[in-house]
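Quick caveat, the model's predicted, so the values are computed rather than measured. Proteins get letters first, then strands, A, B, ... in listed order; numbering begins at 1 in each.
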Amino acid sequence: MTFINQLATSEGRSVTLRGWVANKRSSKGLVFIMLRDGSGLCQCVADASNLTQEVFSLADKLTQESSVEIVGTVNRDERQVGGYEIQVSDLRIYQLARDYPITKKAHGIEFLMDNRHLWLRSRRQWAIMRIRNQIIQAIHRFFQERGFVQMDSPIFTGNAAEGTTTLFETDFYDEKAYLAQTGQLYGEAMAMAMGLIYTFGPTFRAEKSKTRRHLSEFWMIEPEMAFYDLDMCMDLIEEFLRYVVEAVLATCPSELELLERDVEKLEHVRKPFARLTYTDAVKIIRGEKDVNGRNSLKTLENDLDELRQRIEDMQAEVEEREAKIKTPGLKKGEINFNLNKIARLKNELKDLEESAKNIPQWLESARAFEHGNDFGGSDETVLTRLFDTPVIVYNWPADIKAFYMKRANDSSFVKGVDVLAPEGYGEIVGGSEREENLELLTQRIQEEGLPMEAFEWYLDLRRYGSVPHSGFGLGLERLVAWICKLPHVRETIPFPRMYGRLFP
RNA sequence: UCCUGCGUAGCUCAGCUGGUUAGAGCAUCUGACUGUUAAUCAGAGGGUCGUUGGUUCGAGCCCAACCGCAGGAGCCA
């Protein structure tokens with residue numbers, strides 16, 4: 001048995017492929033089967049003139065997603081997907097599929113989500129999952145090469161670490177337990193045992209948010225490093241993100257191409273990342289400070305003008321094409337081509353009009369941004385569009401960050417760090433140097449009104465050989481969404497769990 | 001939780017100011033075609049217009065409530 005992505009080694013020879021029919025086209029005496037085997041796609045040609053009638057009729061009755069075994073000769077053909085074509089000599093049907101729900105035409109998102117178990121078979125999803133896989137591999141390699149030990153934190157927890165976000169409550173032998181929303185406190189304990197550790201596992205947040213950036217169940221990578229201060233932590237984050245993106249660029253060029261990802265934009269990670277204090281970031285958002293001669297508010301106003309112009313142009317194009325398809329005697333192919341264009345343009349128009357509606361609000365909230373507040377989605381976008389690298393923002397107001405973060409020299413700030421991805425993808429990393437002083441930490445827990453008993457084990461870490469240490473958390477799905485430039489995180493995980501979505 | 005929009009064939013959508021028998025493309029089935037790339041061409045079958053109630057001589061279209069979905073806000077990785 002041969003896989004499609006290994007056909008290069010079998011050129012001119014006969015091979016046996018097993019897979020599924022992604023698509024079929026036929027004309028008299030010829031059947032073109034687009035075979036999908038998980039490793040790739042390959043067109044297989046069944047020619048009646050060199051097959052028994054029995055085998056040819058099998059090929060002729062194939063349907064979309066039927067499972068087959070195909071024996072045939074590998075021919076080089078530059079025009080084909082993957083560069084090879086199979087001349088079929090024998091064919092066997094495992095199962096004939098009937099009425100496969102996902103057809104070659106467009107589908108709505110609800111239908112696709114209801115059929116997620118089948119949607120995973122389509123090309124885009126295939127590419128995304130392969131990139132996700134490479135990202136995961138790269139993450140492990142990065143940390144393993146640097147002597148980090150993977151140590152996983154528990155998923156059942158007895159108390160809320162950060163207290164702020166909503167938790168999924170569950171029953172643990174008649175005791176209330178929560179699904180972990182972070183493993184960070186456990187990570188600190190493990191770092192005191194091992195020096196350098198990272199966790200890699202699922203986390204759960206019961207936020208009733210329906211946005212392109214939220215899942216109820218998502219995978220998080222949380223490294224924790226003994227004897228690291230905030231600067232060392234930020235250096236590590238930068239090196240880490242660069243490593244992962246470079247790995248995807250090196251291993252997944254065809255997947256990125258299939259997704260029509262603008263690879264140049266990803267290559268910007270090779271440059272040093274922008275690093276700003278929170279206070280500077282606020283000045284930039286409010287338009288009080290320029291970046292490389294660019295002002296956030298003016299940039300936004302220009303964008304809005306450009307956007308409006310584009311909307312007008314697109315509306316004109318839609319009208320033009322709608323008039324054109326009414327021309328009598330126009331070929332059906334050309335009508336279809338124009339109908340598709342119109343549908344695509346209308347979809348794009350919807351997005352653009354949404355943006356045009358949003359930008360004035362963004363301008364408003366950017367101008368009115370108050371020092372001391374956390375960034376909203378629009379503030380992140382306003383800031384990151386001025387840079388082409390990820391933006392690292394550090395030294396945050398203590399009031400909006402968690403109790404365990406170490407105070408900066410000015411004690412109203414903490415040594416926390418957020419990393420914002422470019423192209424509007426927002427926060428992908430959050431981290432900090434941790435408070436290692438027992439008294440200060442105890443005081444912070446009291447201030448937050450958190451139950452002290454629950455944190456006794458955590459405070460032990462400060463009683464027995466407390467050291468400066470830092471760590472961060474990376475949301476895997478948001479990273480995948482950015483690298484693949486997806487409109488929504490729901491496509492970054494095989495079976496997304498989110499508000500309003502538990503099946504399939 | 002709030003704001004906006006949508007719900008018509010298996011799927012994606014059209015359906016005018018409320019008016020006779022509800023429309024297209026894809027998918028399915030039948031047939032044609034020896035190089036197709038979402039193949040094409042001819043034909044056929046396929047509908048409780050989200051649910052409930054109301055207005056009206058008459059509702060897919062108007063009104064109300066509910067349900068579902070999408071986008072945005074808040075919150076976050």
Legend entry - Any donor-acceptor N/O pair under 3.5 Å between B/rC29 base and A/R98 side chain: no

Inset, instruction - Please report, rounded to the nearest Å, how far the P atom of B/rC76 is from the CD1 atom of A/I428. - result: 18 Å

Legend entry - Pairwise C1' distance, B/rU40 and B/rG35 [rounded to whole Å]: 13 Å

Inset, instruction - Mark yes or no for whether A/R242, through its side chain, and A/V269, through its backbone, hold a donor-acceptor pair below 3.5 Å. - result: yes

Legend entry - Pairwise C1' distance, B/rA77 and B/rU4 [rounded to whole Å]: 27 Å

Legend entry - Ionic contact status for A/R501 with A/D114, cut-off 4.0 Å: yes

Legend entry - Nearest-nucleotide pick for A/S49, side chain only, options being B/rU34, B/rG71, B/rG74: B/rU34

Inset, instruction - Heavy atoms only: give me the nearest A/A421-A/T384 pair and the separation to one decimal. - result: O-CG2, 3.7 Å

Inset, instruction - Could you check which nucleotide pairs with B/rC6 in any of the strands shown, counting Watson-Crick or G-U wobble with both distances under 3.5 Å? - result: B/rG68

Inset, instruction - Give a yes or no on whether a donor-acceptor pair under 3.5 Å exists between the nucleobase atoms of B/rG7, that is its base, and the side chain of A/E110. - result: no

Legend entry - base_contact_polar (B/rU36 base, A/Q80 side chain, donor-acceptor, <3.5 Å): yes

Inset, instruction - Check whether the side chain of A/H214 and the base of B/rC76 form a donor-acceptor pair under 3.5 Å. - result: yes

Inset, instruction - Between A/M498 and A/E427, name the one whose nearest nucleotide on RNA chain B is closer to the 5' end. - result: A/M498

Inset, instruction - Using a 4.0 Å heavy-atom cut-off across all strands, classify A/R213 as base, sugar-phosphate, or nothing. - result: base

Inset, instruction - Looking at every strand, decide which applies to A/S26 at a 4.0 Å heavy-atom threshold: base, sugar-phosphate, or nothing. - result: base

Legend entry - Near-parallel close stack of A/F218 and B/rA77 base (under 5.5 Å, under 30°): yes

